[in-house]
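From a predicted model like this one, the values you see are computed outputs, not experimental measurements. First the proteins, then the strands, lettered A, B, ... as listed; each starts at 1.
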Amino acid sequence: MTTRVRFAPSPTGYLHIGSARTALFNYLYAGHTGGKFLLRIEDTDAARSTDESTRSILEGLKWLGFAPDEEIVFQSNNAPKHRAIALKLLAEGKAYRDFTPKETRADGNIKQSIADRARQNQGEKNMRDNPFRDLPKEESDAKAGAGEPFAIRLKVPETGKTVFEDAVYGTQERDYKETEDLVLLRSDGHPLYNLAVVCDDIEMEITDVIRGQDHLTNTHKQVLIYEALGETAPRFAHLPLILAPGGKKLSKRIHGEIVSMTTYRDSGFLAAAFRNFLALLGWSAGEEREIYTLDELVEKFSLEHIHKNNAVFNFDQNNPKHWTDDKAIWMNAEYVRQMPLVELLPFVKAELKSAKLWRDEYEDEDRAHFERTIDLIRERFFTLKDFSNQGRAYFSEDFDFDPKAIDKNLKKFPDLQTWLPELADRLETIEDFTHDNLEAVVKNFAEEKGAKLGVIMNGARALLTGLAVGPSMLAVFEILGKEKSILRLKSRIAWN
RNA sequence: GGUCGGUUCGUCUAGGGGUCUAGGACACCGCCCUUUCACGGCGGCGACACGGGUUCAAAUCCCGUACCGACUACCA
C-alpha cells in the first residue's frame, strides 16, 4: 500500500514555523516512502478562518517548495458529509443529542478559563454524567422535533481504554474515563475538529498522520471515533514542538513576525537553507553533518530518528544581530556562499530587481563580469538582502557610506584627501587593470608617500564601497574596473 | 487539579550498559591569515536535572523527586 500523508493547517494565521516543519516532515516521509503528500485546509471554524490566512499559508508552502500531489481539500466543503456521519452515529446509538445550552465564553483567555474550570473539577469527575446521555430515543426525538437546539456528542463507552502506537512516542494508552463525551456536531450544525479530521482522513485514505505533539491527546478522541465508525485508524507519528527561548510557547502575539514563514522569505533567506535548518529541528540523521540537499533529506528521513523532546527556536528580540536563530542564519550563509553560482543567480537577480539595481546586460553582454562580481562578494554575505544592501556599490553609483568606515578609514588620515585622487591618476596609467599590476602601482604609491599600505587600501575601500569590510581591495579594484575606481577615488562626497 | 509527554554544553544535537577523561554544529572568546573584514585555519569555554536502585560496569535500564511542556472548548 502506498503511503498517503497530509499536511492540514487551519487558516487562522500565516504559516507558522512549527507548521512549516510539520509540512516538511510529511513531505519528506511521503518522498522517502514513495507515497503522496496531500494538503487539506482545515477551515471548519468559520469565525476564525480567513482567506487571507489560506493565501499566506499557500504562499509559504510554495516558497518552501512543497507542492501537494493531489488537489487541495478544503475541509469546509465536506461539512455536509461530516454532518451525515454524525447523524449516522446518532441513529446507531453511538452518539446522543445533548440539549444542554451552549456555554458562552468570554473571548479573553479561553485557555485560562478552561484550565481553571478543569482545576475546579477536583478529584473524581465523571465524564459520563450528562443527563441527556441516556435519554430515551422517543424523548430525545420529541425535544429535537420541538425545535430545541442540541449538540451531538459521542457516547464514549463506560469502560475500556484507547490504545494506539505512536511512531515517535511509543504505545499510548488512555482510560475511557479520562475522555469526555466529545462534541461531534455543534448545535448550529457545524462539525467539529475531531469529527472532521477523522472523516476526511478516511475519505482521503490517509495512511500516516504526522502532526504536532499538541494533538497527542486528541488522538485518543479520534481513535474513539474510528472505533465508532468501524474503521481502522491510520498510523500516527507526533512531532515534538518548537518552542520559544525559555521553553515557552512560540506565539504570534508575543513573538510576532519571527514565527512566520514569509518573514524569512522576505528577509532574503533561501528556501533550501531554511528547509535544511527546519529538518534538523527535532530530527537528525544520526551523523555529524549539517548540510543536506532536499534529495538527501528525503533519502535519509525516517520516523525513528524523530526526537521526543521539544526544541527551542533560539533568538533574541532585543538584539538585532540575533533577531532569529543563529543557526538558521549560518545555514543560509552557507547556502549563499556555497551553492553553485548558476543556482544562486536567479535569486540574486530577483533581489536586485526588487531593489531597482538590476540591469539586463547582467545576463547578456556583461554576464561574465556580473558572475565574477557575485562570486566575489558572496563570500561574506548571509542573506540575499546583502546583495542589495552591502553589495549596492557594486551595482550602482548611488550607495551609502557607513559613518564608521568614513571615520576609521578616511577622516583619521587627512592626507588621504589629496592622496586618493592622486592614486586615481596613477590607476589611469594602468593598461591591464588586473591584480598584479594594481598591486605594483598601489604599493609603489604608498611607498612614495611614506604611508602604510593598509591606510591607502582601507581608505580606498571606504571610498569605493562605502564600507570598512569586504573582499581583498585589489580584487575590488579589479571587479569594479578602472573607470569606476577612478571616479570614486576622486569623488569628494564621502568627505562631507 | 487531572491525564499524557519530556529532561545531554547558552541553542540544535550524537550517543541506547563498557570504545564517554561524553562527539559534532551554531553562538561566544582567543590566536593565526588578511597591512580591512563579517571569509578561512587552529584552539578555548561549555552538558548527561536531582536522589535512590539494578549491574563487575549506567548518560544509557528501573523507581522516586524536581522542573518544563501539551491537553483538559459546541477552537483547531
Side-chain angles (χ1 to χ4, degrees), chain A residues 8-12 42-45 47-49 75 98 100-103 105 110-111 113-125 149-153 166 169-170 172-175 177-180 182-188 190 192-194 196-197 212-218 220 238 240-241 243 245-249 277 280-291 307-315 321-322 325-331 333 337 378-382 386 390 405 408-409 446 452-458 461-462 467-473:
Chain A
S10 61
T12 53
E42 310 222 309
D43 54 351
T44 54
D45 185 353
R48 293 200 306 151
S49 300
Q75 191 161 63
D98 181 4
T100 313
K102 183 184 173 184
E103 232 181 294
R105 283 178 201 288
I110 295 173
K111 286 265 182 202
S113 67
I114 289 165
D116 287 346
R117 192 189 62 177
R119 222 179 319 264
Q120 237 118 75
N121 292 336
Q122 287 246 19
E124 298 300 295
K125 196 230 171 184
F150 59 87
I152 294 183
R153 287 184 183 274
D166 189 274
Y169 291 94
Q172 299 293 307
E173 296 186 18
R174 187 173 163 97
D175 203 294
K177 70 170 185 279
E178 304 293 345
T179 304
E180 81 278 12
L182 58 142
V183 173
L184 266 15
L185 213 58
R186 287 204 299 215
S187 48
D188 64 4
H190 267 87
L192 247 23
Y193 174 73
N194 285 303
V197 165
Q213 188 236 65
D214 46 339
H215 288 294
L216 213 42
T217 43
N218 272 330
H220 285 99
H238 287 89
L241 271 16
L243 271 20
K248 299 297 172 198
K249 194 170 177 171
F277 168 74
L280 267 19
L281 223 46
W283 173 85
S284 87
E287 53 189 16
E288 289 179 357
R289 197 182 6 154
E290 312 282 331
I291 308 289
H307 308 146
K308 291 187 174 70
N309 50 300
N310 297 338
V312 169
F313 183 64
N314 203 19
F315 59 91
K321 200 181 169 195
H322 302 286
D325 198 292
D326 288 324
K327 204 153 184 173
I329 297 174
W330 167 79
M331 185 75 77
R337 310 205 261 243
R378 71 166 167 163
E379 280 311 310
R380 287 164 174 79
F381 285 176
F382 289 82
D386 291 334
Q390 334 214 44
K408 186 178 141 207
N409 295 340
K452 277 203 212 162
L453 187 57
V455 171
I456 304 291
M457 292 290 204
N458 293 336
R461 181 189 288 47
L467 301 173
V469 301
S472 149
M473 200 47 216

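A:G282 comes within contact range of the sugar-phosphate backbone alone, with a heavy-atom separation under 4.0 Å but no base atom that close. At the heavy-atom level, A:P11 lies nowhere under 4.0 Å from the strands shown. At a threshold of 4.0 angstrom between heavy atoms, the contacts of A:Y193 include nucleobase atoms, whether or not backbone atoms are also involved. Note on A:D188: nothing from the nucleic acid sits closer than 4.0 angstrom, heavy atoms only. Contact annotation for A:K308: backbone-only contact, meaning every heavy-atom pair under 4.0 Å involves sugar-phosphate atoms and none involves a base. Within the nucleic acid shown, A:A311 comes within 4.0 Å of sugar-phosphate atoms alone, with no base atom in reach, counting heavy atoms only. If you check every strand for non-hydrogen atoms under 4.0 Å, A:T100 touches a base. When heavy atoms are screened at a 4.0 angstrom cut-off, A:H322 is found touching the sugar-phosphate backbone but no base atom. Contacts of A:R289 with the nucleic acid, taken as non-hydrogen atoms under 4.0 Å apart, are absent.
Every residue meeting the side chain to side chain contact (heavy atoms under 4.5 Å, CB included) condition with A:A311, not counting sequence neighbours, appears here in chain and number order: A:L281. A:R289 is linked by a side chain to side chain contact (heavy atoms under 4.5 Å, CB included) to A:E287, A:Y292, A:E296, A:K300, counting only residues two or more places apart in sequence or in another chain. Listed by chain and number, the residues in a ring pair (Phe, Tyr, Trp, His ring centres under 6.0 Å) with A:H238 amount to none (sequence neighbours excluded). For A:E180, the side chain to side chain contact (heavy atoms under 4.5 Å, CB included) criterion is met by A:M127, A:L182, A:K221, not counting sequence neighbours. Partners of A:L467 according to the side chain to side chain contact (heavy atoms under 4.5 Å, CB included) rule, which considers only residues two or more places apart in sequence or in another chain, are A:Q390, A:D402, A:T465. Residues that satisfy the side chain to side chain donor-acceptor pair (under 3.5 Å) test with A:R153, not counting sequence neighbours, are A:D98. Annotation: ring pair (Phe, Tyr, Trp, His ring centres under 6.0 Å) contacts of A:F382 (sequence neighbours excluded): none.
When rounded to the nearest whole Å, the span between CG of A:D166 and P of B:A70 equals 18 Å. Rounded to an integer number of Å, the gap from A:N310 CG to B:C68 C1' is 9 Å. Summarising the geometry, the separation between CG on A:D325 and P on B:A27 is reported as 10 Å, rounded to the nearest angstrom. One interatomic measurement links the two molecules: CG of A:L185 to P of B:C74, which rounds to 13 Å at whole-angstrom precision. Protein atom NZ of A:K248 is 14 Å distant from nucleotide atom P of B:U11, rounded to whole Å. Separating the CD1 atom of A:I329 from the P atom of B:C12 is a distance of 16 Å, rounded to the nearest angstrom. For the pair A:L241 CG and B:C12 P, the interatomic distance rounds to 13 Å; values are reported in whole Å. In this structure, the CG atom of A:N309 is 19 Å from the P atom of B:A47, given to the nearest Å.
Inter-residue side-chain proximity for A:E42 and A:P9 is flagged as unmet; no heavy-atom pair is nearer than 4.5 Å. With contacts defined as side-chain heavy-atom distances shorter than 4.5 Å, the pair A:L280/A:M331 qualifies. Considering only heavy atoms from C-beta on, A:L185 stays 4.5 Å or farther from A:L192 through its side chain.
In terms of modelled atom types and a separation under 3.5 Å, the side chain of A:D386 and the main chain of A:F381 share no donor-acceptor contact.
For the P atom pair drawn from B:G24 and B:A14, the interatomic distance equals 15 Å after rounding to whole Å. Taking atom C1' in both B:C29 and B:U35, the straight-line distance is 24 Å, to the nearest Å. Taking atom C1' on both nucleotides, B:U65 is separated from B:G18 by 29 Å, rounded to a whole Å. For B:U8 and B:G46, the C1' atoms lie 12 Å apart once the distance is rounded to whole Å. Between B:A58 and B:U21, the distance separating the two P atoms is 12 Å to the nearest Å. Annotation: B:U19 and B:U72 have their C1' atoms spaced 47 Å apart (nearest Å). Here, B:C28 and B:A70 have their C1' atoms 33 Å apart, quoted to the whole Å. Of the C1' atoms belonging to B:A25 and B:C61, the separation is 30 Å, rounded to the nearest Å.
Contact of A:R174 with B:C4 (side chain to base): no donor-acceptor pair of N or O atoms is detected under 3.5 Å. One N or O donor and one acceptor, one from the side chain of A:S187 and one from the base of B:C74, sit under 3.5 Å apart. Judged by distance alone with a 3.5 Å cut-off, no donor-acceptor contact links the side chain of A:N314 to the base of B:A27.
Residue A:K327 places none of its side-chain N or O atoms closer than 4.0 Å to OP1 or OP2 of B:G24. Using a 4.0 Å cut-off, no side-chain N or O of A:S113 falls inside it from OP1 or OP2 of B:A73.
Along RNA chain B, the nucleotide closest to A:E290 and the one closest to A:P9 are compared, and the more 5′ of them pairs with A:E290.
Within the shown strands, B:C26 is the pairing partner of B:G10 under the Watson-Crick or G-U definition, both distances less than 3.5 Å. A 3.5 Å limit on both hydrogen-bonding distances identifies B:G69 as the Watson-Crick or G-U partner of B:C4. Look at B:G16: it lacks any Watson-Crick or wobble partner with both distances under 3.5 angstrom. Base pairing of B:C61 is made with B:G53, judged by Watson-Crick or G-U wobble geometry with both donor-acceptor distances under 3.5 Å.
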Please list each protein N or O that sits under 3.5 Å from an N or O in nucleotides 14-21 of chain B, with the distance.
{"unit_1": "B:A14", "atom_1": "OP1", "unit_2": "A:S284", "atom_2": "OG", "d": "3.0"}
{"unit_1": "B:A14", "atom_1": "OP1", "unit_2": "A:H307", "atom_2": "NE2", "d": "2.9"}

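Using a cut-off of 4.0 Å between Lys/Arg side-chain N and Asp/Glu carboxylate O, A:D325 and A:K327 are scored as not salt-bridged.
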### Task
Test ring-ring contact (aromatic ring centres under 6.0 Å, His included) on A:H215 and A:Y193 and set out the steps.
CA-CA 11 Å; A:H215 288 294; A:Y193 174 73; 5.5 Å; yes
### Annotated protein contacts, base or backbone, on nucleotides 31-46 of chain B with a non-hydrogen cut-off under 4.0 Å, one of B, S, - each
----BBBBS-------
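With B:C71, B:A76, B:U11 as the choices, the nucleotide that has an atom nearest any side-chain atom of A:V312 turns out to be B:U11.
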